[in-house]
Participant: 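Submitted below is the structure of interest, expressed as structure tokens.
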Protein chains: 2
Amino acid sequence: MTEPRWLTPEQLCAWKKLIAVVELLPGTLESQLQRDSGLSHFEYFTLAMLSEAPDRTLRMTSLAAQTNATLARLSHVVTRLEKRGLVRREACAEDRRATNAILTPAGWTTVEAAAPGHVGTVLATVIDPLTDSDVADLDRVMGRILEVLDPSHIMVGLLPTDD
Amino acid sequence: MTEPRWLTPEQLCAWKKLIAVVELLPGTLESQLQRDSGLSHFEYFTLAMLSEAPDRTLRMTSLAAQTNATLARLSHVVTRLEKRGLVRREACAEDRRATNAILTPAGWTTVEAAAPGHVGTVLATVIDPLTDSDVADLDRVMGRILEVLDPSHIMVGLLPTDD
DNA sequence: GTACAGTAGTTGTAGCAACAACCAATCAAG
DNA sequence: CTTGATTGGTTGTTGCTACAACTACTGTAC
């Protein structure tokens, strides 16, 4: 085995901060959504993706890709959302293997109601502490990391538009 | 209800990238550690904290603080690590309510063996894609976000030193 | 048309984390 | 010393995710 590389003090310091954010941020978002809207972040995200889709409808496979989930995980989650009346399933006419997930009116109401609180949390925890130039740096640095983590750029559309 | 604030396009773009990193990075670290060392990231982190502590010993409460875990979660994890012979418990002499967690020799060997692979993954996914100036920006921006997420700076010591 | 590989999705199971209930030891007040 | 509050830690339950097995359908080759 070759002598392993190590991090410089500057790299270590930055790394520690990144890992701390990675550990703490999901919990913050999760608990706000859970408390204010009774949704996990993944559930919110799933509803949000559907709310932006044409006819508020997406194939399970494509919804799984947009939410960065496995089909199995998505299937379980959609089952729960279906039981709560926020989403319904429908057989796909063109390909009878396929299933469409459709946002119900109740689901639309739910995601519309949840969005402002969620965005408020994002603003408070991430955006407001940063200057415009910080935001630009964040964008650039995360972009470089993503080139490694997600070379095919599957993670794209997020958050619903307000309008 | 007041008109909710929204993100500017630049902010939204940076936010999307941050959230993508936050979603993808843990899985990458997790699977490397699981595959190469049979440890979850949290287990590795727990062992790493102990390996840096004086006498490789820490009170459960203080270990929980350093790993950003609840006492309940830590207790379960230490039980598992104890069954694997990587950690042992010992009643605390000064305060008989307290329990010390102690890294065993086998635990030390395990964390020493796991560290290079883990650090290699960190380098490959996060550090190497960045310039020195990117690293400095990352440090500054994450620092600002952490001021909100973790004002008391509990998350500090990480990763073992090589030596 | 039928055999076979690949695609779409569901479901069962096992393992881990969050939450809450719980026990034991300490500390402070009278 | 004994009551009550606090701290330190463990354990049981519940819910969610990963993994693997399975069904069902499609398309292609023969």
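We name chains A, B, ... by the order of the sequence lines, and we start the count at 1 in each one.
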Participant: So, using salt bridge (charged side-chain N to carboxylate O under 4.0 Å, His left out) as the criterion, who are the partners of Arg59(A) when residues are at least two apart?
Facilitator: none
Participant: For residues His41(B) and Ile19(A), determine if any side-chain heavy atom of one lies less than 4.5 Å from a side-chain heavy atom of the other.
Facilitator: yes
Participant: Just to verify, which of Val141(B), Leu138(B), Val22(B) counts as forming a side-chain contact (heavy atoms from CB on, under 4.5 Å) with Met142(A)?
Facilitator: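 Option passing the side-chain contact (heavy atoms from CB on, under 4.5 Å) with Met142(A): Leu138(B).
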Participant: Tell me, which pairs form a ring pair (Phe, Tyr, Trp, His ring centres under 6.0 Å) where one or both residues lie in residues 61-101 of chain B, sequence neighbours left out?
Facilitator: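 Found none.
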Participant: Measure from CG on Leu63(A) to P on dT10(C) and round the result to the nearest Å.
Facilitator: 11 Å
Participant: Let's see if you get this right: which residues in residues 73-82 of chain A place a heavy atom under 4.0 Å from DNA chain C?
Facilitator: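 Residues of residues 73-82 of chain A that come under 4.0 Å of DNA chain C are, in numerical order, Ser75(A), His76(A).
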Participant: Taking salt bridge (charged side-chain N to carboxylate O under 4.0 Å, His left out) as the cut-off, I'd like each qualifying pair that reaches into residues 131-143 of chain B, sequence neighbours left out, listed once.
Facilitator: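 Every pair satisfying salt bridge (charged side-chain N to carboxylate O under 4.0 Å, His left out) with a residue in residues 131-143 of chain B: Lys17(A)-Asp139(B), Asp134(A)-Arg140(B), Asp137(A)-Arg140(B), Arg140(A)-Asp134(B), Arg140(A)-Asp137(B), Arg144(A)-Asp134(B), Asp137(B)-Arg140(B).
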Participant: Could you work out, with salt bridge (charged side-chain N to carboxylate O under 4.0 Å, His left out) as the rule, every residue matching Glu10(B), not counting sequence neighbours?
Facilitator: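 Glu10(B): no salt bridge (charged side-chain N to carboxylate O under 4.0 Å, His left out) contacts found.
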Participant: Considering only heavy atoms, which members of residues 90-100 of chain B lie under 4.0 Å from some atom of DNA chain D?
Facilitator: Arg97(B), Ala98(B), Thr99(B)
Participant: Can you name the residues that form a salt bridge (charged side-chain N to carboxylate O under 4.0 Å, His left out) with Arg97(A), not counting sequence neighbours?
Facilitator: Asp95(A)
Participant: Roughly how far, to the nearest 0.5 Å, is OH of Tyr44(A) from OG1 of Thr67(A)?
Facilitator: 14.0 Å
Participant: Round to a whole Å and report the spacing from CZ of Arg89(A) to C1' of dT10(C).
Facilitator: 8 Å
Participant: Quick one: does any side-chain atom of Thr104(B) pair with a main-chain N or O of Leu86(B) as donor and acceptor, under 3.5 Å?
Facilitator: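 Confirmed, Thr104(B) side chain pairs with Leu86(B) backbone.
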Participant: Which nucleotide span of DNA chain D, 5' end to 3' end, has atoms closer than 4.0 Å to non-hydrogen atoms of chain A?
Facilitator: dC16(D) to dT26(D)
Participant: Applying side-chain contact (heavy atoms from CB on, under 4.5 Å), name anything that partners Thr121(A), two or more places apart in sequence or on another chain.
Facilitator: Thr28(A), Leu29(A), Gln32(A), Thr125(A)
Participant: Quick one: salt bridge (charged side-chain N to carboxylate O under 4.0 Å, His left out) partners of Glu82(B), sequence neighbours excluded?
Facilitator: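 Here the qualifying residues are Arg89(B).
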Participant: Not counting sequence neighbours, which residues clear side-chain contact (heavy atoms from CB on, under 4.5 Å) with Ala53(A)? List them please.
Facilitator: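 So Ala53(A) forms a side-chain contact (heavy atoms from CB on, under 4.5 Å) with Leu58(A).
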Participant: Name the residue closer to the 5' end of DNA chain D, choosing between Met60(B) and Ala72(A) according to the nucleotide with the nearest heavy atom.
Facilitator: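 Looking at the nearest nucleotide for each, Met60(B) comes out on the 5' side.
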Participant: For residues 34-43 of chain B, which residues have at least one heavy atom under 4.0 Å from DNA chain D?
Facilitator: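 Correct list: empty, so none.
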Participant: Hey, does the side chain of Ser75(B) reach the backbone of Ala72(B) with a donor-acceptor pair shorter than 3.5 angstrom?
Facilitator: no
